[in-house]
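Worksheet: the structure to be examined is printed underneath.
Protein chains get the first letters and strands the later ones, always in sequence-line order, with residue 1 at the start of each.
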Amino acid sequence: MVEVNFKKIESKWQKKWEEEKIFEAKEDSKKEKYYVLEMFAYPSGTGIHIGHAFNYTMGDISSRFKLMQGFNVLHPTGFDSLGLPAENAAIKDGSHPEEYTNKAIKNFIKQQKGLGLTYDWQRMVNTADPGYYKWDQWIFLKMLEKGLAYQKEAVVNWCPSCKTVLANEQAQSGKCERCDTKVEIKSLKQWFLKITDYADELLRDHKKLNWPEKTIAMQKNWIGKSHGIEIDFEIAPNKLPAEGDKSWPIFTTRPDTLFGVTFMVVSAQHLRLNELVTEEQEKEVAKFLKKLKSVSEKDLGDLEKEGVFTGSYAINPATNKEIPIYAGNFVVADYGSGMVMAVPAHDQRDFEFAKKYKLEIKQVIKGDVAKDRAYTNSGKLMNSESFNGMENQEAKEKITEWLKEKRKAKKVINYKLRDWGISRQRYWGTPIPIVYCDSCGVVPVHEKDLPIKLPKNVKFGKGNPLEGNEKWIKTKCPKCKKEARRETDTMDTFVNSSWYFLRYCDPQNNREIFDKKKAKYWMPVDLYIGGAEHACMHLIYSRFYTKFLADLGVINFREPAPRLFHQGMINDEKGEKMSKSKGNVVEPLETMEKYGVDTTRYFLISVASPDKGFNWSEKGIQGSARFIKKIFEIFENIKIGKDTLGMAVRINQSIKNIGEQIENLQFRKSSIELRELFDMIADEGEVSKETLESSLKLLNPFCPHITEELWAGLGNEGFISVAEWPTVDKSMLKDNSTEKDLNSKIIAQIKPILEKFQDKKKAYVYVMPFEKEKVDPAAISEAIEKEVEVWATNEKEKVDPENKAKKARPGMPGIYLE
RNA sequence: GAGGGAAUGUCGGAGUGGUCAAACGAGUUAGGUUUAGGACCUAAUGGCUAUUGCCUACGGGGGUUCGAAUCCUCCUUCCCUCACCA
């Protein structure tokens with residue numbers, strides 16, 4: 001029985017790796033680079049959880065593999081330190097967010113090092129470091145310069161008791177998460193980044209990305225491009241309050257239903273709503289708005305459609321009829337113009353609204369308008385004057401043309417994507433480098449005065465701690481040098497994570513955001529690994545930032561990470577989400593303590609496909625522990641000598657397979673391949689030293705510590721971690737033997753089919769393109785006594801002109817009889 | 001409502017036109033080893049049969065094909081994301 005002291009082995013090799021600095025990356029233009037990145041973490045006080053370990057292990061395996069293959073690998077890490085939890089902890093127990101964060105980071109680093117990760121610690125980045133967020137501020141100033149950062153009024157969830165703005169998820173069910181006070185909607189002046197300027201390119205460049213389909217679909221949805229037209233609706237003058245506008249543009253994708261517009265609905269949240277409200281209706285509208293306030297944004301979806309008459313009328317440009325304008329709870333204020341033309345006969349929402357308020361329902365497309373449903377399909381027009389009888393698809397065009405002639409409409413493209421509001425009324429974020437001056441107005445801070453550091457002495461309690469800090473707020477105007485006040489809002493933390501991958505290229509640089517040459521060498525990220533939950537936030541923002549920085553000329557590429565991989569979720573044994581409150585959290589530290597780091601790593605990647613996730617299994621990890629132990633036993637008992645032919649084939653097959661599998665992140669398959677390989681070695685009893693060393697190398701990316709130990713045990717100097725990845729002896733591969741015999745294989749396959757179909761005269765044989773010359777049609781034809789035609793095909797293109805092509809695989813032809 | 005994904009033994013899951021369903025792990029049962037337990041080794045683990053074998057099975061129906069878990073189509077169930085986007 002072999003007794004192994006994993007703890008000792010692990011710390012021994014971790015120490016050596018660190019001493020010899022074998023994972024530090026240096027720019028070297030002669031070597032091909034490979035940049036592996038896992039999404040950096042928010043350093044929470046609870047340390048790394050099993051999902052982190054899963055994520056890091058995958059990146060680490062890829063990184064180690066590439067390193068052994070001879071690439072110049074960059075595998076950095078850092079901390080997304082700014083953010084709410086640190087601030088909340090500060091409010092709760094009086095510690096400073098910086099203290100909290102630094103303590104958490106220390107703990108994280110210890111745990112990450114414990115996992116044996118190949119991070120280059122020289123390049124660590126911490127977003128709470130002024131040396132980092134200085135460049136957040138710099139990018140902001142550049143955006144301001146280019147007109148991509150601007151201020152506007154926007155509504156926020158406001159807790160009157162905490163005197164603070166709440167994120168949507170903190171304001172669920174309309175109450176403040178912390179103090180249970182009713183949340184109010186408040187309008188504040190806030191900073192926005194014009195991501196919408198890049199909406200089209202963000203959409204277009206999806207085709208450049210090797211990303212999961214799902215993520216691309218989610219982003220497409222999120223950006224939500226839709227083509228339609230904008231129609232001007234005049235507001236009836238006689239009933240309008242004095243200051244109102246004369247017309248209001250409306251976005252629609254259904255101009256064909258214009259004759260069926262019988263009323264209008266403006267968003268109840270619209271900032272210009274009061275321009276439409278007449279004196280008589282003021283009270284009614286106010287009553288309605290008050291009622292709405294008590295509903296949080298989250299519940300809006302399930303809400304019954306409700307509204308109130310504003311007192312104003314619009315003129316339908318097609319019929320010239322006056323139609324009432326309602327304020328409604330179901331219209332989105334900042335999509336389109338915040339007002340919709342309602343076609344109750346052909347839109348379900350308008351239909352419900354019309355039923356409720358007894359408004360006219362005018363059918364303009366032939367079809368069944370039922371008692372409880374609008375008719376939303378296509379059909380021929382009716383009740384539409386000269387357009388009657390036209391197919392509605394055609395009418396869309398024709399009515400648009402007709403309106404265009406009257407200068408009442410234009411074609412427009414609308415996006416669901418909004419500009420990115422980055423103002424947060426919070427302390428623990430990047431200060432926005434803006435000064436308010438009584439004489440000069442809104443003035444940006446000079447670049448040379450960056451960074452604007454967060455003040456250390458602040459009081460936490462109610463409201464934004466920066467607002468109460470007069471000493472910090474008071475400053476000189478950069479323009480006129482008179483007394484002025486700082487912006488007290490800080491930036492959304494997603495700003496920090498939108499470009500951190502660039503900073504890793506040159507993390508210490510104090511003169512510029514990073515050295516252009518270094519960024520050019522390392523970027524873009526070759527493999528980016530992280531959770532799917534970032535599909536619509538971080539992954540869009542960082543694409544936006546990359547495109548902006550490219551336009552600024554500091555980088556020469558427009559996509560940060562052409563290849564993206566999402567790891568799955570790990571749940572508890574019952575399949576439930578792990579959470580502290582449920583008490584079902586699996587601590588990676590405990591597991592590593594109990595079974596060893598390499599066992600933990602091996603188990604994580606062996607139990608399921610990495611993109612699928614799995615349920616934790618204590619029995620399962622014990623199985624992995626047995627495997628690791630078995631390897632030590634093999635090395636204890638193995639005789640070093642010669643390989644059998646079978647062994648030689650096996651090891652070469654494994655080298656080939658595992659290389660391909662790591663490349664494609666199919667780690668689970670590798671774990672199986674490794675089991676089979678070591679099982680065979682154990683059965684053989686005697687193998688060559690070369691085979692033994694190769695199998696250790698194959699195992700090394702997964703289990704780096706024990707392989708170092710066993711590598712040294714075989715009498716090797718130096719680290720296996722930087723040893724060369726074994727090469728495949730192609731003559732020893734299994735496939736070769738089958739390839740040689742492709743002809744007889746085809747014959748063997750056709751024969752039984754022909755027995756069933758003796759009347760067929762001709763056989764089509766489909767093989768992979770590279771196999772075509774190995775096939776001898778004459779020989780096959782002779783053997784089966786039929787005419788034979790051979791086609792090259794592969795799974796993507798079907799080559800048969802008669803569309804009868806069948807798929808072929810290497811060594812497995814497709815056959816078609818005629 | 002829109003979009004995406006999934007359904008295979010007792011369980012987790014491989015397999016994505018033929019070689020070949022159930023690899024690999026876990027569980028269970030029997031035997032060996034052991035003072036006992038654990039660990040380890042061997043075998044069995046859809047049905048029938050003493051065995052060669054035969055049959056049944058990849059959520060359900062239909063289809064394409066000489067051949068379908070795999071491709072197409074409809075349906076059912078489940079998961080995820082966004083969601084009153086005009």
Complement of U70(B), any strand, by Watson-Crick or G-U distances under 3.5 angstrom: none
Trp222(A) side-chain proximity, nearest of G4(B), C82(B), C84(B): C82(B)
Glu660(A) bridged to Lys656(A) by N-O distance under 4.0 Å: yes
Sugar-phosphate only, base, or nothing, as touched by Lys416(A) at under 4.0 Å among non-hydrogen atoms: base
Salt-bridge present (Glu673(A), Arg650(A); N to O < 4.0 Å): yes
Candidates G27(B), C84(B), G15(B) - which lies nearest the side chain of Lys619(A): G27(B)
Watson-Crick/G-U partner (both atom distances under 3.5 Å) of G25(B): C11(B)
Check: Phe603(A) ring centre within less than 6.0 Å of Tyr595(A) ring centre: no
Validation row, ring centre Phe263(A) to ring centre Tyr357(A) under 6.0 Å: no
Counterpart base for U33(B), defined by Watson-Crick or G-U wobble contacts under 3.5 Å: none
Check: Asp419(A)/Thr196(A) side-chain N/O donor and acceptor closer than 3.5 Å: yes
Selection from G3(B), A86(B), C24(B) that lies nearest to any side-chain heavy atom of Arg675(A): C24(B)
C48(B) and U56(B), which share atom name P, separated by this distance in whole Å: 15 Å
Selected nucleotide, minimal atom distance to Ala217(A) side chain, candidates U81(B), G4(B), C84(B): G4(B)
Phe251(A) and Tyr335(A) aromatic ring geometry - parallel, tilted or perpendicular at 30°/60° bounds: perpendicular
Distance in angstrom units between Arg668(A) CZ and G13(B) P, rounded: 8 Å
Distance in angstrom units between Glu533(A) CD and C79(B) C1', rounded: 16 Å
Out of C84(B), A23(B), G13(B), whichever nucleotide has its closest atom nearest the side chain of Glu676(A): A23(B)
Distance, rounded to the nearest Å, where Lys305(A) contributes NZ and G1(B) contributes C1': 10 Å
P gap between G17(B) and C72(B), integer Å: 11 Å
Whole-angstrom distance between A57(B) and G15(B), as gauged at atom C1': 15 Å
Residue mapping more 5' on RNA chain B - nearest nucleotide basis, Val332(A) or Val607(A): Val607(A)
Complementary nucleotide for A6(B) - Watson-Crick or wobble, under 3.5 Å: U77(B)
Sidechain N-carboxylate O distance under 4.0 Å for Asp350(A), Lys305(A): no
Interatomic distance where CD1 belongs to Ile540(A) and P belongs to C82(B) [whole Å]: 12 Å
Sugar-phosphate, base or nothing in reach of Val331(A), heavy atoms under 4.0 Å: base
Euclidean distance for P, G1(B) against G9(B) (whole angstrom): 31 Å
Base partner of U16(B), which must satisfy Watson-Crick or wobble distances under 3.5 Å: none
Presence of Lys669(A) side-chain N/O under 4.0 Å of G15(B) phosphate oxygens OP1/OP2: yes
Integer angstrom distance from the P of G46(B) to that of C82(B): 43 Å
Residue mapping more 5' on RNA chain B - nearest nucleotide basis, Glu213(A) or Cys536(A): Glu213(A)
Interatomic distance, Asp347(A) CG vs A86(B) P [rounded to whole Å]: 10 Å
Rounded distance in Å between the P positions of G59(B) and A68(B): 15 Å
Closest to side chain of Lys612(A), choosing from C84(B), A86(B), A14(B): A14(B)
Touch class at under 4.0 angstrom, heavy-atom based, for Gly336(A) against every strand present: nothing
Any Ser609(A) side-chain nitrogen or oxygen under 4.0 Å from OP1 or OP2 of A14(B): yes
Interatomic distance, Asp683(A) CG vs U42(B) C1' [rounded to whole Å]: 12 Å
Complement of G1(B), any strand, by Watson-Crick or G-U distances under 3.5 angstrom: C82(B)
Separation of the C1' atoms in C20(B) and G38(B), to the nearest angstrom: 38 Å
Touch class at under 4.0 angstrom, heavy-atom based, for Thr253(A) against every strand present: sugar-phosphate
Syn or anti conformation of G32(B), syn meaning chi within 90° of 0: anti
Selection from C24(B), G4(B), A86(B) that lies nearest to any side-chain heavy atom of Thr252(A): A86(B)
Gln661(A) CD to A23(B) P, straight-line distance once rounded to whole Å: 18 Å
Short side-chain N/O contact to A86(B) OP1/OP2 from Ser226(A), under 4.0 Å: yes
Atom pair distance, as rounded to whole Å: CD in Gln666(A) and C1' in G15(B): 12 Å
Whether over 12 other heavy atoms sit under 6.0 Å from Lys220(A) NZ: no
Pairwise P distance for U29(B) and U64(B), with rounding to whole Å: 49 Å
